[in-house]
Amino acid sequence: MNIFTKERLLASKPDCREYPSLDPDILAERLAALAEIGKTEEGGITRFVYTNEEEQAKRLFQSWMEQAGLTVREDHAGNLFGRLEGTDPALPVLLTGSHLDTVPNGGAFDGALGCVSSLMAVEAVIQGQGRITHPIEVVVFTDEEGSRFGSGLLGSRIVMGEVTKEDLFQMRDDYDTTAAEAMKRQGYSPNKLKHCYLPPESIKAFLEVHVEQGKQLEQYEKSVGIVNGIAGPSWIEVAFIGETDHAGNTPMTMRHDAAAAAAEWMTIVEKIPHEISSTAVATVGKMTLSPNGSNVIAGRADLIVDVRDIKEENRDEMLDRIEKAARQTAADRGLHVETNLQIRIPPVPIPEWIQHKMEASADMLNLPYLHLPSGAGHDAMILGKYVPSGLIFVPSVQGKSHSPEEFTELKDCLDGTALLHKTILSVGE
């Protein structure tokens, strides 16, 4: 299994482009240092929110921000900020950053690259221009992954005022510790969440670099991806209810097989996105058969389908057609069907003016790029509901992510950082 090592990362250093004020050795050194914190036996990384591992990673990152001359502060929820003052301090701030927490046994780039690239881009501003018109803040959001309490994007949701103190007392980990209790143990204050809120008018824009976690950039041999929208996920539960019978004694013509109905419906679900848009996706990722015996005809099949698109009307049309297909399949087979919409999160479009600035910056750097949607959330999805937000992707080797095999070449990490730097100069001028 190919896993992250500093030596593997540095292997592509000879292929790195030369950018003023961006040192690939520093980029590799920082990613490698973070990868040592929470390192697992399998070569992955486990850093859950409000643990010593996350705390250690944040303190290391804080030291880098302080060395860069940024003014560092941490809010009552554990979101970490490093500020470079603008020539006009009264103007709204340009935020850039990501997160340092991980999934269990996760990779070295998800979140960490976004934080390191943001800091290095701001360091390049300091070395090149000193400062720009708007203030810039590098932000490390806490608990993007949601691995401990099952509620992702927590830090960015707190900053945008979407989380209450009561919510924190409802979230519990596997050891029955509430998020509020965990915060207190790390020295934070769940009772002061209102002080973490950032009014949207105080933010000029939010920019984030992230690994693609897919294969398109690698397949099309593009250096960077300019995200044109963040798909809003919806989950719909579907239950086909038939009759449980003996597999050997029930003729094929007398069956009401819930598993067969589910299989037929799944093939229909797979075709629907192609008929809607090029950015639409639908995935049946979970299915449970009852009674789940090898010699028993399934009397019930419970499934969950994940439906996404960057345009809400397309996503909602898919939901409608998927539900109708379930009802038609059940009717054709003499079964009963139940459906329940679990979640419906609106997609977040990326403003065209931000995309245009990224395009112009990529052209200036002679970086081949691809417009593509983000199927995953990221903190940009939360900020993007309230303030203009942009998302830059860099290639993921074989699309691997959320595993020790997650990897991005150093040259691609550097290109993404360079594009972020140019975009910051353009957006914050």
Hey, is E218 close enough to K215 for a salt bridge, meaning N to O under 4.0 Å?
no
Indicate whether the side chain of R308 and that of S234 have a donor and an acceptor atom separated by less than 3.5 Å.
no
If you measure from the Lys or Arg side-chain nitrogens to the Asp or Glu carboxylate oxygens, is any gap between E181 and K184 under 4.0 Å?
no
With a 3.5 Å cut-off and no angle check, do the side chains of D110 and Q213 form a donor-acceptor pair?
yes
Would you check, one step at a time, whether the test side-chain contact (heavy atoms from CB on, under 4.5 Å) holds for D316 with E313?
CA-CA 5 Å; D316 290 349; E313 61 270 24; 5.8 Å; no
Would D75 and K192 count as a salt bridge (Lys or Arg N to Asp or Glu O under 4.0 Å) if you check the C-alpha gap in whole Å, the side-chain angles of each, and the deciding distance to 0.1 Å?
CA-CA 9 Å; D75 69 15; K192 298 181 179 180; over 6 Å; no
Before accepting this row, confirm whether a basic side-chain N of the pair K411/D415 lies closer than 4.0 Å to the acidic partner's carboxylate O.
no
Using 4.0 Å as the upper bound for N to carboxylate O, is an ion pair formed by E317 and R321?
yes
Under a plain distance cut-off of 3.5 Å, with no hydrogens placed, do T283 and D306 share a side-chain donor-acceptor pair?
no
Could E53 and R59 be called an ion pair, given the rule that one side-chain N must be under 4.0 Å from one carboxylate O?
no
For the pair T178 and F149, evaluate side-chain contact (heavy atoms from CB on, under 4.5 Å) and give the outcome as yes or no after the intermediate values.
CA-CA 8 Å; T178 68; F149 297 104; 5.8 Å; no
Going by atom types only, do E208 and S98 share a side-chain donor-acceptor pair under 3.5 Å?
yes
Kindly determine whether K13 and D25 satisfy side-chain contact (heavy atoms from CB on, under 4.5 Å), including the steps that lead there.
CA-CA 8 Å; K13 180 184 173 183; D25 284 307; 2.7 Å; yes
Correct closest heavy-atom pair for L154 and S151 would be CB-O, 3.8 Å
How about K422 and S361: does a side-chain donor come under 3.5 Å of a side-chain acceptor?
no
Classify the ring geometry of F407 against F4: parallel below 30°, tilted from 30° to 60°, perpendicular beyond 60°.
tilted
Under the salt bridge (Lys or Arg N to Asp or Glu O under 4.0 Å) rule, what do E85 and R83 come out as? Steps first, then yes or no, please.
CA-CA 6 Å; E85 199 57 83; R83 184 180 180 95; 3.1 Å; yes
Using distance alone, with no hydrogens and no angle criterion, decide if T40 and N105 have a side-chain donor and acceptor under 3.5 Å apart.
yes
So does E41 have more than 12 non-hydrogen atoms from other groups sitting under 6.0 Å from CD?
no
Quick one: do the E123 and Q127 side chains pair a donor with an acceptor below 3.5 Å?
no
Ion pair check, D302 and R300, cut-off under 4.0 Å
yes
Is there a donor in the side chain of E54 and an acceptor in the side chain of T142, or the other way round, less than 3.5 Å apart?
yes
Does R148 qualify as a cation-pi partner of Y50, given the criterion of NZ or CZ under 6.0 Å from the six-membered ring centre and within 45 degrees of its axis?
no
Do D167 and T164 have a side chain donor and acceptor closer than 3.5 Å?
yes
Let's go through E36 and K39 carefully: what are the C-alpha distance in whole Å and the side-chain angles of both, what is the deciding distance for salt bridge (Lys or Arg N to Asp or Glu O under 4.0 Å) to 0.1 Å, and is it a yes or a no?
CA-CA 5 Å; E36 290 297 316; K39 189 173 182 178; 3.5 Å; yes
For a side-chain contact (heavy atoms from CB on, under 4.5 Å) check, start with the C-alpha distance between H134 and V93, then their side-chain angles and the critical distance, and finish with the verdict.
CA-CA 6 Å; H134 283 262; V93 66; over 6 Å; no
Side-chain H-bond candidate by donor/acceptor type, E429 with T133, under 3.5 Å
no
What orientation do H378 and H210 show, parallel under 30°, tilted 30 to 60°, or perpendicular over 60°?
tilted
So, does E42 use its side chain to make a donor-acceptor pair with the main chain of P404 at under 3.5 Å?
no
Less than 4.0 angstrom from a charged side-chain N to a carboxylate O is my criterion; do E137 and R73 meet it?
yes
Does any donor atom in the side chain of T96 or S118 lie under 3.5 Å from an acceptor atom in the other side chain?
yes
Donor-acceptor under 3.5 Å (S374 side chain, I230 main chain)
no
